[in-house]
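From a predicted model like this one, the values you see are computed outputs, not experimental measurements. A, B, ... follow the sequence lines: proteins, then strands. Residue 1 opens every chain.
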Amino acid sequence: MNYWLLKTEPDEFSIDDLEKIAPRSERWNGIRNYQARNIIRDEIKIDDLAFIYHSSCKNVGIAGIAKVTRSAYIDEDQFDSNSAYFDIKSNRENPRWYCFDVAFIENFNSIITLKQLKSDLKLLDMVLIKQGRLSIQPVKKKEWDHIITYSN
DNA sequence: GCCAACGTTGGC
DNA sequence: GCCAACGTTGGC
């Protein structure tokens with residue numbers, strides 16, 4: 001099993017929104033970055049766990065946990081000219097973009113802030129800290145196990 | 001709103 | 001294939 005970190009702007013979709021629809025799943029779509037696309041297409045599997053990370057907001061950090069309930073399938077929005085995620089260069093014979101489904105697992109009592117994560121010497125190699133700009137990132141098991149101790 | 005750190009596009 | 005120009009992400 002693998003672990004991931006999924007960024008979302010809580011104004012658009014938050015851990016609270018995911019909790020509200022539980023136990024139903026949310027389609028994680030609109031990813032338009034090739035590095036993230038490759039992770040979706042090739043690596044994300046059912047029952048993987050993911051941190052839900054709130055970005056571009058007042059309280060930036062990890063807000064809770066979700067579980068993958070469906071692995072990669074074609075993101076139909078790329079073919080919809082009315083969608084913000086429309087991609088004129090994609091086609092059905094060779095689709096560019098994929099999505100997957102997640103369901104709610106846990107909503108932390110308080111956000112584990114980026115500030116906390118940045119100042120944690122055990123997390124210096126975390127993709128979130130080293131690379132930053134990537135909306136779907138791998139999290140090592142060691143990092144995962146350490147980070148969830150913050151949520152107690 | 002600023003701006004650094006990327007990623008993408010397109011001319012050559 | 002290089003690289004300048006441009007666009008986006010995302011913390012602050």
Side-chain angles (χ1 to χ4, degrees), chain A residues 2-21 25-44 48-68 71-102 104-140 142-151:
Chain A
N2 289 312
Y3 300 93
W4 308 100
L5 181 144
L6 310 178
K7 289 186 184 173
T8 179
E9 298 186 14
D11 292 345
E12 302 290 326
F13 187 82
S14 72
I15 190 73
D16 295 334
D17 297 324
L18 188 62
E19 184 171 16
K20 271 177 216 155
I21 64 165
S25 292
E26 173 75 8
R27 192 165 61 100
W28 209 266
N29 67 316
I31 302 299
R32 296 293 180 268
N33 167 284
Y34 288 106
Q35 206 178 339
R37 188 280 308 271
N38 293 345
I39 292 173
I40 296 173
R41 193 190 53 192
D42 306 335
E43 298 186 57
I44 291 184
D48 283 356
L49 293 175
F51 286 133
I52 300 298
Y53 176 92
H54 286 177
S55 70
S56 299
C57 61
K58 203 170 176 182
N59 201 5
V60 170
I62 297 171
I65 297 175
K67 183 174 80 171
V68 176
S71 57
Y73 59 103
I74 292 166
D75 184 347
E76 287 295 324
D77 289 354
Q78 68 195 298
F79 306 123
D80 176 4
S81 59
N82 293 317
S83 168
Y85 301 124
F86 178 61
D87 184 347
I88 197 167
K89 292 178 181 170
S90 186
N91 60 76
R92 291 189 180 277
E93 290 69 39
N94 190 17
R96 275 191 181 180
W97 308 114
Y98 292 82
C99 56
F100 59 105
D101 290 351
V102 297
F104 175 78
I105 295 288
E106 187 175 349
N107 192 343
F108 295 154
N109 292 325
S110 58
I111 301 270
I112 303 170
T113 66
L114 179 60
K115 196 177 173 186
Q116 284 177 282
L117 300 171
K118 271 185 171 171
S119 62
D120 190 325
L121 296 177
K122 290 183 176 174
L123 299 176
L124 291 177
D125 289 334
M126 209 183 162
V127 177
L128 182 71
I129 307 304
K130 293 186 84 171
Q131 186 174 350
R133 297 177 21 135
L134 181 60
S135 58
I136 296 183
Q137 316 180 348
V139 176
K140 296 185 196 76
K142 207 167 70 178
E143 294 165 346
W144 179 277
D145 290 342
H146 179 62
I147 290 169
I148 54 174
T149 66
Y150 279 84
S151 67

Query raised in the report: Got a salt bridge between A/Glu106 and A/Lys67, using NZ or NE/NH1/NH2 to carboxylate O under 4.0 Å?
Result: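 A/Lys67 and A/Glu106: not salt-bridged.
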Query raised in the report: Quick one: do A/Asp75 and A/Arg27 make a salt bridge, cutoff under 4.0 Å?
Result: yes
**Report entry** Cation-pi check, A/Arg37 onto A/Tyr98 ring (under 6.0 Å, within 45° of axis)
**Finding:**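 No cation-pi geometry.
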Query - Residues from residues 50-58 of chain A lying under 4.0 Å of DNA chain C - heavy atoms - result: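 Contacting residues: A/Tyr53, A/Ser55, A/Ser56.
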Query raised in the report: For the residue pair A/Ser71 and A/Ile44, what are the closest heavy atoms and their distance?
Result: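 Heavy-atom minimum between the residues: CB-O, 3.4 Å.
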**Report entry** Spacing of CH2 belonging to A/Trp4 relative to CH2 belonging to A/Trp144, to within rounding of 0.5 Å
**Finding:**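 Taking CH2 in A/Trp4 and CH2 in A/Trp144, the distance rounds to 11.5 Å.
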Query raised in the report: Do the side chain of A/Glu143 and the main chain of A/Lys140 share a donor and acceptor less than 3.5 angstrom apart?
Result: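 Looks like yes, one N/O pair under 3.5 Å.
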Query raised in the report: Does any N or O in the side chain of A/Gln137 come within less than 3.5 Å of the main-chain N or O of A/Gly132, such that one atom is a donor and the other an acceptor?
Result: yes
Report task. Can you check each nucleotide of nucleotides 2-12 of chain B against protein heavy atoms at under 4.0 Å and return B for base, S for sugar-phosphate only, - for none, in 5' to 3' order? Result -> ---BBSSSS--
